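All of these numbers come straight from a predicted model, not from anything done at the bench.
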There are 2 protein chains.
Amino acid sequence: MTSSMAPGTRQPTIKEVAASAGVSPMTVSRTLAGGVNVRPDLQAKVLAAVKELGYFRNENARSLRPGQASGLIGVAITNLGNPYYGNFALGVEEVAAKHGKRIVLGNTGEDCGREAQLVADFIGRQVEGLVVVPSGGAAEHLRADRLGDTPIVLASRQVAGLDVDTVLLDDVGGAYQGTLSLLESGHTRIGFLGNVPSVSTGQRRYIGYEKALAERGISPDARLIQRDQQDVEAARSAMERLLDLPDAPTAIFSANNRNTIGALKEIGRRIRSGAGATGFPAIVSFDSFELSEMMPVPVTVIDSDARQLGREAAELLFARLQAADSHGPSRMIELPVTVSMADR
Amino acid sequence: MTSSMAPGTRQPTIKEVAASAGVSPMTVSRTLAGGVNVRPDLQAKVLAAVKELGYFRNENARSLRPGQASGLIGVAITNLGNPYYGNFALGVEEVAAKHGKRIVLGNTGEDCGREAQLVADFIGRQVEGLVVVPSGGAAEHLRADRLGDTPIVLASRQVAGLDVDTVLLDDVGGAYQGTLSLLESGHTRIGFLGNVPSVSTGQRRYIGYEKALAERGISPDARLIQRDQQDVEAARSAMERLLDLPDAPTAIFSANNRNTIGALKEIGRRIRSGAGATGFPAIVSFDSFELSEMMPVPVTVIDSDARQLGREAAELLFARLQAADSHGPSRMIELPVTVSMADR
DNA sequence: GTCGGTATTGGTAACGTTACCATACCTGTG
DNA sequence: CACAGGTATGGTAACGTTACCAATACCGAC
């Protein structure tokens with residue numbers, strides 16, 4: 001039974017456990033470390049005292065000792081509310097757990113300043129490595145030599161001029177294939193909804209789109225290109241502008257999840273206000289989303305496995321952590337994407 | 001310029017910074033703490049050395065000092081891949097940031113053992129408080145006296161016999177209202193898709209459903225009740241069973257997000273295999289989901305603000321942290337939900 | 001009975017940091 | 001010019017833990 005004390009009650013320390021068990025702190029430490037060379041009866045006493053006092057080892061103090069690792073991997077993602085990144089984090093966690101490490105997760109909200117803060121804090125907490133989905137602004141704070149030799153892996157997006165391990169999707173190829181499928185269906189006016197070019201996925205997916213158009217001798221029409229939307233509502237409004245053009249596009253290439261949802265919301269709005277369910281542009285969406293098969297217009301999905309992306313990023317990090325030469329040349333992996341055609 | 005050393009390169013310490021700047025560690029510490037009573041020229045030297053060496057304060061060592069708080073709040077959620085919990089975590093983070101704290105996020109995967117492990121680790125890392133969405137199994141490890149006086153707030157779900165601060169949704173009321181709306185439309189055979197009763201939301205939402213039925217003198221039909229689905233595929237298959245009943249339900253009350261998606265997927269499957277879009281049960285869904293307005297069958301949504309849930313949980317925690325009497329009686333908050341009728 | 005070896009236990013120091021105290025300096029006042 | 005009162009700086013100890021070493025107890029072998 002714990003004595004119920006004033007608010008300021010502290011965690012018990014190993015000394016208190018030792019006193020309560022009638023042994024030295026070292027015996028407690030050894031017992032908790034597995035009990036080698038500790039008499040079973042003392043182990044029992046120690047464990048009883050631990051339970052009685054509700055003792056937990058102070059991991060901060062533990063990781064202070066020389067040579068002791070903190071057991072933490074810092075993970076910074078841009079938007080926790082986006083299930084894509086949630087699943088990404090799950091992939092990182094899965095691999096980290098396999099190596100006996102825990103992840104510390106932080107959200108940058110696409111804000112470069114918060115990202116810098118977060119990374120600094122991670123390092124201050126002695127993480128053994130970092131997995132970061134960069135927000136896309138200036139990235140001085142991600143340079144390897146500014147991180148005190150903490151290894152870092154970038155995921156999903158790359159940063160120009162930053163020579164570190166990176167895992168990307170096949171953005172260019174996926175966008176190219178998706179756009180091509182629209183061209184092959186006879187579309188020639190294809191709208192583009194996407195991210196700002198300063199974010200590498202925004203840039204790379206645009207390149208794939210443009211490449212497919214170029215092969216058919218079509219030069220991009222600036223009025224069909226909307227690249228400034230960060231959230232669903234902005235995407236919806238961009239879609240509204242495209243649909244209101246005198247010569248509206250007959251198909252849309254949407255470069256991500258948020259844009260696709262926004263575009264579909266605008267279509268839904270028009271359907272509910274009386275327009276029939278026909279005459280809307282076909283949609284190709286980079287990134288899948290739940291219930292895409294239930295949409296009133298055909299949606300072709302360029303899908304990737306967020307969890308796998310997280311796994312690969314983590315594997316890259318652990319490879320570097322275990323490498324004899326942790327300063328070896330940086331590696332870059334591109335994960336394939338799958339294109340699931342709308343079946344109508 | 002950092003000397004590029006062998007893999008084992010360590011973070012620089014305050015002593016090294018001090019040596020490099022030609023001052024004592026105390027002057028470095030004071031400078032980093034805001035610079036009171038430090039000559040400007042020395043501050044400049046220190047800051048230059050910090051930058052030069054890429055020094056970050058060791059937060060673990062810092063929090064070891066007596067009276068120093070770790071600045072961390074531990075947050076345990078059940079499923080990172082579910083955007084509901086992602087947004088929940090964002091709400092917690094928002095309030096934590098307001099108080100100058102950071103969150104450490106962990107995923108339990110609805111696994112009670114992992115939850116216990118996670119909480120123990122949080123405490124070992126000296127978090128100042130915990131926000132937990134309990135997984136629903138045994139919860140010995142969440143008892144306040146097992147947590148070394150670290151305050152805890154439960155969110156979304158309560159745990160029987162656990163007398164701690166809790167934030168819930170108005171599960172009973174929402175389920176009652178949603179079910180009532182179906183009854184008022186004339187439905188009498190209403191299926192139930194939900195969580196296992198050991199999870200409090202599963203239990204409470206079932207109670208609301210049953211209460212509405214009882215008011216109309218309808219006793220629940222066991223064949224219409226499916227309460228074992230944890231993921232989308234299981235939910236789809238449960239929906240399949242309901243639809244295949246000889247006297248299939250004319251409406252479905254789905255007690256959460258995952259079940260609603262599964263149910264809709266089954267409907268989609270049938271529509272695509274040739275059935276018309278009519279003759280399917282009306283759906284009421286506890287929890288909203290993106291694009292619910294685009295579904296081929298009307299979906300009434302019982303919506304709650306996940307982010308607000310996170311905010312309220314965090315506020316409860318900080319109230320307790322700042323209270324003079326941190327052992328005061330536990331509080332319970334129920335957040336309202338809104339019912340958005342399908343508009344057809 | 002003595003010796004080498006092993007099993008068990010405890011003491012000490014060190015990890016990186018900062019609160020506290022002591023010291024040295026500086027400025028203005030009587 | 002002495003002295004009070006402030007400002008600036010450094011030394012020391014302590015936070016909780018465990019690696020390392022020292023000490024003790026015990027065992028079997030000679």
**Message:** Distance check, rounded to the nearest 0.5 Å: A:Glu110 atom CD versus A:Glu115 atom CD?
**Reply:** 9.5 Å
**Request:** Compute whether any side-chain donor of one residue and acceptor of the other, for B:Gln68 and B:Ser63, lie under 3.5 angstrom apart.
**Result:** no
**Complete:** Distance col, row A:Ser330:OG vs A:Arg320:CZ, nearest 0.5 angstrom, shows 7.0 Å
**Message:** Give the residues of residues 117-130 of chain B touching DNA chain C, defined as any heavy atom closer than 4.0 Å, sorted by residue number.
**Reply:** none
**Message:** At less than 4.0 Å, is any side-chain N or O atom of A:Gln68 found next to OP1 or OP2 of D:dA19? Yes or no.
**Reply:** yes
**Request:** Check each of B:Val92, B:Val167, B:Val133 against B:Leu309 using the side-chain contact (heavy atoms from CB on, under 4.5 Å) test, and report the only one that passes.
**Result:** B:Val167
**Request:** Nearest 0.5 Å please: distance from the CD1 atom of A:Ile14 over to the OG atom of A:Ser24.
**Result:** 8.5 Å
**Item:** Donor-acceptor under 3.5 Å (B:Asn60 side chain, A:Leu64 main chain)
**Value:** no
**Prompt:** Think B:Arg62 has a side-chain N or O under 4.0 angstrom from the OP1 or OP2 of C:dG16?
**Reply:** no
**Prompt:** Between B:Asn60 (CG) and D:dT17 (P), how many Å, whole number?
**Reply:** 13 Å
**Prompt:** Side chain of A:Arg65, base of D:dT18: donor and acceptor closer than 3.5 Å?
**Reply:** yes
**Message:** How many whole angstroms separate atom CD1 of B:Ile14 from atom P of D:dC15?
**Reply:** 19 Å
**Request:** Carefully, step by step, assess B:Glu59 and B:Arg65 under the rule salt bridge (charged side-chain N to carboxylate O under 4.0 Å, His left out).
**Result:** CA-CA 10 Å; B:Glu59 293 295 330; B:Arg65 310 266 7 270; over 6 Å; no
**Prompt:** Is B:Arg57 near enough to C:dT17 that one of its side-chain N or O atoms lies under 4.0 angstrom from OP1 or OP2?
**Reply:** no
**Asked** Quick one: B:Leu53 CG to C:dG16 C1', roughly how many Å, whole number?
**Response** 15 Å
**Request:** Take A:Arg125 and A:Asp121 through the salt bridge (charged side-chain N to carboxylate O under 4.0 Å, His left out) test and state the conclusion after the steps.
**Result:** CA-CA 6 Å; A:Arg125 304 216 183 258; A:Asp121 190 74; 3.2 Å; yes
**Request:** Apply the test side-chain hydrogen bond (donor to acceptor under 3.5 Å, both in side chains) to residues A:Gln11 and B:Thr150: give CA-CA distance (whole Å), side-chain angles for both, the deciding distance (0.1 Å), then the verdict.
**Result:** CA-CA 8 Å; A:Gln11 302 289 334; B:Thr150 307; 3.1 Å; yes
**Item:** A:Leu64 CG - C:dT18 P separation (whole Å)
**Value:** 12 Å
Using a cutoff of under 3.5 Å, can you pull out all pairs of nitrogen or oxygen atoms linking the protein to nucleotides 8-10 of chain C, with atom names and distances?
unit_1, atom_1, unit_2, atom_2, d
C:dT8, OP2, A:Asn37, OD1, 3.4
C:dT9, OP1, A:Arg39, NH1, 3.0
C:dT9, OP2, A:Arg39, N, 2.9
C:dG10, OP2, A:Ser24, N, 3.0
C:dG10, OP2, A:Ser24, OG, 2.9
C:dG10, OP2, A:Thr27, OG1, 2.6
C:dG10, N7, A:Arg30, NH2, 2.8

**Complete:** Here the distance between atom C1' of C:dT17 and atom OH of B:Tyr55, to the nearest Å, is 7 Å
